[in-house]
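All values below come from the heavy atoms of this structure, side chains included, with hydrogens, waters and symmetry mates left out. This one's a predicted model, so the numbers in the text were calculated from it and none came from an experiment. Below, read A as the first sequence line, B as the second, and so on, with proteins coming before strands; counting in each chain starts at 1.
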There are 2 protein chains.
Amino acid sequence: MGKKRVTLADVARLAGLSTTAASMILTGRPDTRLSPEAHKKVHDAAASLGYRPNVAARALRTDKSRSIAFISDYVATTRFASGLIRGALAAAEEAKHVMLLLETGGEPAREIQAVEAALDRQVDGLIFAAMRAREVFVPDMAINVPVVMLNGTSARFSSSVLPDEYQGGRTAVEFLVRAGIRDDIVLLGHNAQQEEGLFRSEAISNRLRGIRDAMSDAGMAFLAEVSCWNWEPNFGYELTRKVLKTHRPRALLCLNDRLAFGAYQALGEAGLRIPEDIGLVSFDNDEIAGYLRPGLTTIGLPHEDMGHRAVQRLLEGPLTPGADLLAMPAIWRGSLPEKQA
Amino acid sequence: MGKKRVTLADVARLAGLSTTAASMILTGRPDTRLSPEAHKKVHDAAASLGYRPNVAARALRTDKSRSIAFISDYVATTRFASGLIRGALAAAEEAKHVMLLLETGGEPAREIQAVEAALDRQVDGLIFAAMRAREVFVPDMAINVPVVMLNGTSARFSSSVLPDEYQGGRTAVEFLVRAGIRDDIVLLGHNAQQEEGLFRSEAISNRLRGIRDAMSDAGMAFLAEVSCWNWEPNFGYELTRKVLKTHRPRALLCLNDRLAFGAYQALGEAGLRIPEDIGLVSFDNDEIAGYLRPGLTTIGLPHEDMGHRAVQRLLEGPLTPGADLLAMPAIWRGSLPEKQA
DNA sequence: CGGCTTTGCTAAATCCATTTAGCACATGCT
DNA sequence: AGCATGTGCTAAATGGATTTAGCAAAGCCG
């Protein structure tokens, strides 16, 4: 089976024309003066031979490879990562591009390697995605292709795609109001006293700003705010137990679903019913949110949209600067009461 | 900033040698007769110019692009997918390759497109990964690069990497024995009567074979077997409630963690304590398994190992046929009692 | 010293598609 | 008829590496 690939020269030969003609016709040049018969002959020849252009050869000449690189600090962690990747992949496919995936672990050395590997392959653009960090992590190299930041920002590259955390924060509060809960709400995961000090990230600070603005707009205030440094279920569990010792909240506003999951466990042990005795709203729309009983009402992250949008921006004409804020989908499930006061 | 890329010719010029010499030296040819001084001059020149070879040009000549394609039916679904991807990515990076990621949704048309897109870019190998299906889904095209099947099998390409489900099944039973539970075990998720009819997949049938073999080896038998067509938490919940109406099991052997999660919810409502009143073992080591209280003892899938191994096989010398069965990691958490009889 | 080998290096071909420059012929105009 | 213009197409250069074939000088031998 030593049959080589079909080249443009083969097509041209079969069509009885030059490779120039074949190339112009197949790439669909507009201004060409080649006859309709020539077009037909070339297309027929290409079809009958099953011709596929060699992308490497084309890239060599045109400096366009119809491929982009998705450079991420982490790939495996959450559904968030795969959502971004999937959205990006879909947009790339729509634009007939392929996507290189590269993971850096947030390590500068690997970041540099990743960028070099991508640039060596003549990619047409770079997506820098952040799962954990938010700021400054683009290696300081000569990058002469468009770059879009995804779920992160950079001083050097201002084009970015981010979730609209501020609006998301507001929505969470609006959900509480819609459920008729205006008092005795505990904020789980953050503490105003510490807000100045350890900042989680700009994203979370926007989320909190949205929450606080919506609260004060509605004339509401938290019953309490409790904080922990790690937003995992067992922290949510412990925090909730601690809260229940001194307070009797009507609702918990959790800063992510894993905290809320821990809260469910503690509330279940305490014999409190959701949502009759206590309501919950949360953020992220993790997989578990749908698994809980009752389902967890949560403000999700628009993973796929974000990935999709980032690639779209990268590939659609000239790159516009500035951030693109994508709406966070609000998912109403059973953890907030339907109406009532 | 119109500075072009540094080419090999630039390096050769600076070194005062021919591109031939520069190429041979930089690619580290063994049999060359070039002098040590020439080596030094070329390396110095390359370093000082920051030379990076143009992969497209090299690929054109050598038909090797130092890149592989990871073609998957689904990317976003589970942690399983991202684990495979991550492992593959790591192995690719170790071998100084980059990885194209392509998603097909299991649709033949997209599969063909994906393979073509990959082949057009001169990839050095293909990974076909399956998240849902197990069999036959490789488009029938002329593929003249190595192919490794990941988490799936194909009649055309026998090289595959799979979890050792049989041994995993045995381990689950051994865990029950180790916990001192030999009787009153309910199998959740499958039913012997239906085994012939609706087959989940070869993977699951192997898992079940391992379970049944280990049971009969130990002279044990199930108290009951209950089945459902969808392994999601709410089915585990309903199934468990139904079981509890008629049986009082000492342990639940769940065929995946999401079923087990639903079982936790039903057991909690029934006031049964885990593991004192009832123990659980399960499969997959989903994210939730670690979040549950107590933690869920489960036989995990070796995601990252599998991805890693697949790429290793793809890139290490000639491709050997046959399946590579990878051990499923057994994770002992609190859902089985520590000893006791 | 002439012929053979070895050493150290290079010219040129090659991979495949794109693109520039331009040829040969036909047509139109005066 | 003579010249400009238009039409339909192609030869050759180009991009950046690898690789084949082989040249010139030096060393060795008898």
Any Lys/Arg nitrogen of Asp63(A) or Arg58(A) sitting under 4.0 Å from an Asp/Glu carboxylate oxygen of the other?
no
Under-4.0 Å salt bridge between Asp10(A) and Arg13(A)
yes
N/O (side chain, [X]) to phosphate O (OP1/OP2, [N]) under 4.0 Å:
{"X": "Arg58(A)", "N": "dT18(C)", "answer": "yes"}
{"X": "Thr7(B)", "N": "dG16(D)", "answer": "no"}
{"X": "Tyr51(B)", "N": "dG16(D)", "answer": "no"}
{"X": "Ser18(A)", "N": "dT10(D)", "answer": "yes"}
{"X": "Ser23(B)", "N": "dA17(D)", "answer": "no"}
{"X": "Ser35(B)", "N": "dC9(C)", "answer": "yes"}

Starting at [atom1] of [X] and ending at [atom2] of [N], how long is that distance when rounded to a whole Å?
{"X": "Asp10(B)", "N": "dA17(D)", "atom1": "CG", "atom2": "P", "value": "8 Å"}
{"X": "Arg52(A)", "N": "dC16(C)", "atom1": "CZ", "atom2": "C1'", "value": "15 Å"}
{"X": "Arg121(A)", "N": "dG16(D)", "atom1": "CZ", "atom2": "P", "value": "17 Å"}
{"X": "Arg13(A)", "N": "dC16(C)", "atom1": "CZ", "atom2": "P", "value": "11 Å"}
{"X": "Leu8(B)", "N": "dT18(D)", "atom1": "CG", "atom2": "P", "value": "6 Å"}
{"X": "Asn54(B)", "N": "dC16(C)", "atom1": "CG", "atom2": "P", "value": "16 Å"}
{"X": "Ile25(A)", "N": "dC9(D)", "atom1": "CD1", "atom2": "C1'", "value": "10 Å"}
{"X": "Leu34(B)", "N": "dT10(C)", "atom1": "CG", "atom2": "P", "value": "8 Å"}

For the atom pair CE (Met99(A)) and CD1 (Ile68(A)), what is the distance rounded to the nearest 0.5 Å?
6.0 Å
Could you measure the distance from the CG atom of Leu89(A) to the NE2 atom of His308(A)? Nearest 0.5 Å is fine.
10.5 Å
In terms of the nearest nucleotide of DNA chain C, which residue is placed more toward the 5' end: Ala38(B) or Asp63(B)?
Ala38(B)
Under a 3.5 Å threshold, yes or no: a donor from one side chain and an acceptor from the other, between Gln113(B) and Arg110(B)?
no
Proximity to the side chain of Met24(A) - top-ranked nucleotide from dT20(C), dA17(C), dC9(D)
dT20(C)
Quick note, Leu60(A) side chain, CB onward, closest among dA12(D), dT10(C), dG15(D) is dG15(D)
Looking at every strand, decide which applies to Thr20(A) at a 4.0 Å heavy-atom threshold: base, sugar-phosphate, or nothing.
base
Could a donor-acceptor pair under 3.5 angstrom be found where the side chain of Arg33(B) meets the base of dG8(C)?
yes
